[in-house]
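A short worksheet on the structure shown next.
Chain letters run A, B, ... following the sequence lines, proteins first and then strands; every chain starts at 1. Keep in mind that what you see is a predicted model, and the values were worked out from it rather than measured.
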Protein chains: 2
Amino acid sequence: MAPTKTEARWLNPREMKAWRNYIIASRRMLEALDGDLADYELTLADYEVLAQLSDAPGRKLRMSELAEIAMVSKSRLSHRMKVMEAAGWVRREECPEDRRGYFAVMTDKGFKAIERAAPTHVGSVRNRFLDHLSVKDQEDLAKIFDRLQSQLRGQFIEEDGTSK
Amino acid sequence: MAPTKTEARWLNPREMKAWRNYIIASRRMLEALDGDLADYELTLADYEVLAQLSDAPGRKLRMSELAEIAMVSKSRLSHRMKVMEAAGWVRREECPEDRRGYFAVMTDKGFKAIERAAPTHVGSVRNRFLDHLSVKDQEDLAKIFDRLQSQLRGQFIEEDGTSK
DNA sequence: TCCAAATAGTTGAAAGTTAAAGTACTTCGT
DNA sequence: ACGAAGTACTTTAACTTTCAACTATTTGGA
């Protein structure tokens, strides 16, 4: 089935500029953020995983939940966990309540690793993003992207018929 | 050298919301756009490469230039070109002016392929992005991301000492 | 002119990602 | 309480991307 029913009239210059400025700047910004983390042997995606884990109670989360909130697939998380486990940053723990399941648990070493990276990362986010936005810009962006996000969720439900 | 000198004070709730809403929605949107193109055996990155090529005079561009404007690395472009060449969408042509160089040339088949995908893609961009923005939102976003982009370029120059 | 350095592009290997299938366990309906 | 279907997670294999090294050519001095 076609993913969209909107007729395909071309983008006008204003639309084009909004769209292209947005994706180009975003791609470059993400690249830069990733580059900034490279000094800590981390990618943005791995950072996200560790950050979420470090915020969890007991620095411990079910694999699925971690995958969900860090926005990576289960398969990818599995693979990355193997790498991070080898680095001594996390370990897996069996879940007694549901024996199919596992917890991802952050080790002290992992916590230190992300504690070390966090100031730089936050600095990058300011440096490359927030510092260039007025308070109003920040509020506008938050609103706009919140709208986009909920719309996306809506379309997802429509498309595959699943409600979660 | 540290990539940033900004002190690492934590993000306040407003900053946090702007940043997180932005990356989360962006990631999901990009995923969705990619998904929409999958029906045409294209990724967003490949689409971008072909779209740029189809816009070029003679549907023909030097590899480096194409890599630059489509925002992929030279190496990646080389590899993708091999795949697209096998699909019959592009071919390489020697450059007589600079015998180290090559042109990427879009074939008729390639042009047809992107012509087929374009309406859907434009539809997706409307559907998932533009339709949810007021005219003012579009203008604001264009301005903000333009600012971010030029800032990024500035930092890039600082960091590696290169001026291009 | 000659050579060192820079540039254009490709390549191969390593690392990362995804998609599909596999294992193990739980849930649900009867 | 049984079996089918569903869920949690992992694994394998195919594919993609990156990184560094390589070839070929051009450029820019001395």
Round to a whole Å and report the spacing from [atom1] of [X] to [atom2] of [N].
| X | N | atom1 | atom2 | value |
| --- | --- | --- | --- | --- |
| A:Met84 | D:dT10 | CE | C1' | 16 Å |
| B:Arg62 | D:dT26 | CZ | C1' | 11 Å |
| B:Glu41 | C:dA19 | CD | P | 13 Å |
| B:Lys74 | C:dT11 | NZ | P | 13 Å |
| B:Asp34 | C:dT17 | CG | P | 15 Å |
| B:Met81 | C:dT10 | CE | C1' | 12 Å |
| B:Glu65 | C:dT7 | CD | C1' | 15 Å |
| A:Glu68 | D:dA8 | CD | P | 11 Å |

Pairwise side-chain contact, A:Leu30 with A:Leu44, heavy-atom cut-off 4.5 Å (strictly under): yes
Is any side-chain heavy atom of B:Arg62 closer than 4.5 Å to a side-chain heavy atom of B:Leu66? no
What residue pairs, at least two apart or across chains, pass side-chain hydrogen bond (donor to acceptor under 3.5 Å, both in side chains) with a residue in residues 76-86 of chain B? B:Asp46-B:Arg80, B:Glu85-B:Arg92
Are the ring centres of B:Phe145 and A:Phe129 closer than 6.0 Å? no
Counting distance only, does the side-chain N/O of A:Thr107 pair as donor-acceptor with the main-chain N or O of A:Gly88 below 3.5 Å? yes
Under 3.5 Å, side chain of A:Asp137 to main-chain N/O of A:Ser134, donor-acceptor pair present? yes
Which parts of nucleotides 12-25 of chain D does protein reach within less than 4.0 Å, heavy atoms only, written one letter per nucleotide 5' to 3' as B for base, S for sugar-phosphate only and - for none? B---SSBB----BB
